[in-house]
Amino acid sequence: MDDLEVFSKKLSNVAFEITLYSQLYGTNESVTKLNNFNPLVFGVFQKNMYVSICLELAKLLDKAGEKSNKNLSIDRLVIHMNLSDDNEIKKLIYTAIALYKSSIKKFRNEVIAHNDYGMAMKRKILPSNGNIDDLEELCNLIYGVYSAIRFKTGKDSVQVSRRVSTVLPRELDGYSFLRKLEENV
């Protein structure tokens with residue numbers, strides 16, 4: 001598999017997580033159903049899903065890395081495909097990085113990726129400035145860069161608009177889970 005294929009799989013996986021998270025925790029009604037069943041368990045699930053989504057998106061936006069320590073990220077794909085000077089690509093990446101910085105970067109750096117001493121000693125949880133809509137938009141922006149790379153390298157004959165909207169099998173999606181949970185309560 002080449003870099004683009006592996007990157008595509010990683011991006012699809014985070015899009016899947018965002019879709020499932022939105023289905024399970026996207027409305028007050030669904031959160032109420034989960035909390036009626038077991039607020040502790042589903043609260044932990046929600047936190048872990050959110051952290052996982054933030055971390056996976058952050059990894060896709062990492063720097064390319066050094067020769068011995070490469071990261072499979074947008075930056076690496078752009079460099080590897082000789083598109084570093086492409087203005088459209090630069091603009092798309094700038095927009096994605098701006099949203100990343102305003103939504104989840106501090107949360108990622110101080111809570112997820114490091115055991116920040118100051119945060120730990122304050123005994124406060126640093127909330128992410130992002131919400132699931134920001135994470136979905138960030139994923140869509142990364143899809144935009146990915147699509148532009150595929151088009152500019154001749155992998156696609158037209159620039160395809162890819163978005164998070166993952167369709168899950170009907171009986172395996174979050175809505176079905178909530179319905180089955182409610183039936184068994």
Side-chain angles (χ1 to χ4, degrees), residues 1-23 25-26 47-116 118-119 126-168:
M1 258 192 273
D2 69 0
D3 290 355
L4 279 172
E5 285 181 68
V6 175
F7 187 88
S8 176
K9 287 183 187 286
K10 289 187 162 292
L11 191 52
S12 293
N13 286 341
V14 76
F16 163 76
E17 284 189 43
I18 290 170
T19 299
L20 191 57
Y21 183 95
S22 294
Q23 290 175 352
Y25 300 102
K47 181 191 84 157
N48 289 334
M49 283 184 81
Y50 187 81
V51 166
S52 173
I53 292 166
C54 289
L55 186 56
E56 290 306 313
L57 288 170
K59 291 187 319 189
L60 295 176
L61 292 169
D62 274 346
K63 293 290 181 196
E66 303 299 320
K67 289 180 182 178
S68 64
N69 191 20
K70 298 175 187 168
N71 292 315
L72 183 57
S73 64
I74 280 290
D75 193 45
R76 173 166 167 65
L77 292 179
V78 168
I79 292 167
H80 183 69
M81 305 292 182
N82 297 314
L83 294 169
S84 298
D85 294 328
D86 185 284
N87 287 331
E88 178 189 3
I89 299 276
K90 285 198 279 192
K91 183 178 176 185
L92 290 167
I93 290 173
Y94 177 82
T95 304
I97 295 293
L99 179 56
Y100 169 68
K101 286 180 177 178
S102 70
S103 60
I104 62 171
K105 183 178 181 183
K106 189 172 183 179
F107 180 69
R108 179 249 183 233
N109 288 345
E110 294 184 13
V111 177
I112 299 174
H114 305 285
N115 192 18
D116 184 80
M119 289 306 301
L126 176 70
S128 166
N129 289 334
N131 56 44
I132 196 63
D133 294 333
D134 288 337
L135 301 182
E136 184 173 329
E137 181 57 24
L138 185 55
C139 191
N140 286 334
L141 290 168
I142 296 169
Y143 265 126
V145 178
Y146 170 76
S147 295
I149 291 170
R150 288 193 57 87
F151 175 67
K152 291 175 182 282
T153 58
K155 301 280 185 190
D156 291 334
S157 58
V158 294
Q159 194 160 335
V160 178
S161 176
R162 293 173 171 88
R163 308 230 12 113
V164 167
S165 55
T166 303
V167 177
L168 304 177

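- Of the inter-residue distances, the one linking Leu77 atom CG with Leu72 atom CG reads 6.0 Å to the nearest 0.5 angstrom.
- Under the side-chain contact (heavy atoms from CB on, under 4.5 Å) rule, Leu57 has a single partner from Leu61, Leu55, Ile53, which is Ile53.
- Counting only heavy atoms from C-beta outward, the side chains of Ile93 and Ile89 approach each other to under 4.5 Å.
- Evaluation of the side-chain hydrogen bond (donor to acceptor under 3.5 Å, both in side chains) rule for Lys152 yields Asp86, Glu88 as partners, not counting sequence neighbours.
- The two atoms that bring Ser157 and Phe151 nearest to each other are O-CE1, 3.4 Å, heavy atoms only.
- Once rounded to the nearest 0.5 Å, the distance linking CG of Asn131 with OG of Ser103 reads 8.5 Å.
- In this view, Gln23 and Thr19, Leu20, Leu168, Asp173, Tyr175 satisfy the side-chain contact (heavy atoms from CB on, under 4.5 Å) rule, not counting sequence neighbours.
- The side-chain hydrogen bond (donor to acceptor under 3.5 Å, both in side chains) check on Thr95 picks up nothing, with sequence neighbours excluded.
- From Tyr50, atom OH reaches atom CD1 of Ile132 across 7.0 Å, with rounding to the nearest 0.5 Å.
- Applying the ring pair (Phe, Tyr, Trp, His ring centres under 6.0 Å) rule to Tyr21 yields the partners Tyr25; only residues at least two apart in sequence or on another chain are considered.
- Sorted by first and then second residue, the salt bridge (charged side-chain N to carboxylate O under 4.0 Å, His left out) pairs with a member in residues 69-82 read Asp3-Arg76; sequence neighbours excluded.
- Contacts of Asp2 classified as side-chain contact (heavy atoms from CB on, under 4.5 Å), with partners at least two apart in sequence or in another chain: Leu4, Glu5, Lys155.
- Rounding to the nearest 0.5 Å places NZ of Lys63 at 15.0 Å from CG of Asn69.
- Taken from NZ in Lys10 to OG in Ser73, the straight-line distance is 11.0 Å, to the nearest 0.5 Å.
- For Lys59, the salt bridge (Lys or Arg N to Asp or Glu O under 4.0 Å) partners are Glu56, not counting sequence neighbours.
- Two residues are said to be in side-chain contact when any heavy atoms from C-beta on lie closer than 4.5 Å; Leu138 and Asp134 fail this criterion.
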Atom pairs and distances, side-chain donor-acceptor, residues 139-150, under 3.5 Å, sequence neighbours left out:
{"residue": "Asn140", "atom": "OD1", "partner": "Val164", "partner atom": "N", "Å": "2.7"}
{"residue": "Asn140", "atom": "ND2", "partner": "Glu136", "partner atom": "O", "Å": "3.4"}
{"residue": "Tyr146", "atom": "OH", "partner": "Ser8", "partner atom": "OG", "Å": "3.4"}
{"residue": "Ser147", "atom": "OG", "partner": "Tyr143", "partner atom": "O", "Å": "3.0"}
{"residue": "Ser147", "atom": "OG", "partner": "Val160", "partner atom": "O", "Å": "2.9"}
{"residue": "Ser147", "atom": "OG", "partner": "Arg162", "partner atom": "NH1", "Å": "2.9"}
{"residue": "Arg150", "atom": "NE", "partner": "Asp156", "partner atom": "OD1", "Å": "3.4"}
{"residue": "Arg150", "atom": "NE", "partner": "Asp156", "partner atom": "OD2", "Å": "3.1"}
{"residue": "Arg150", "atom": "NH2", "partner": "Asp156", "partner atom": "OD1", "Å": "3.2"}

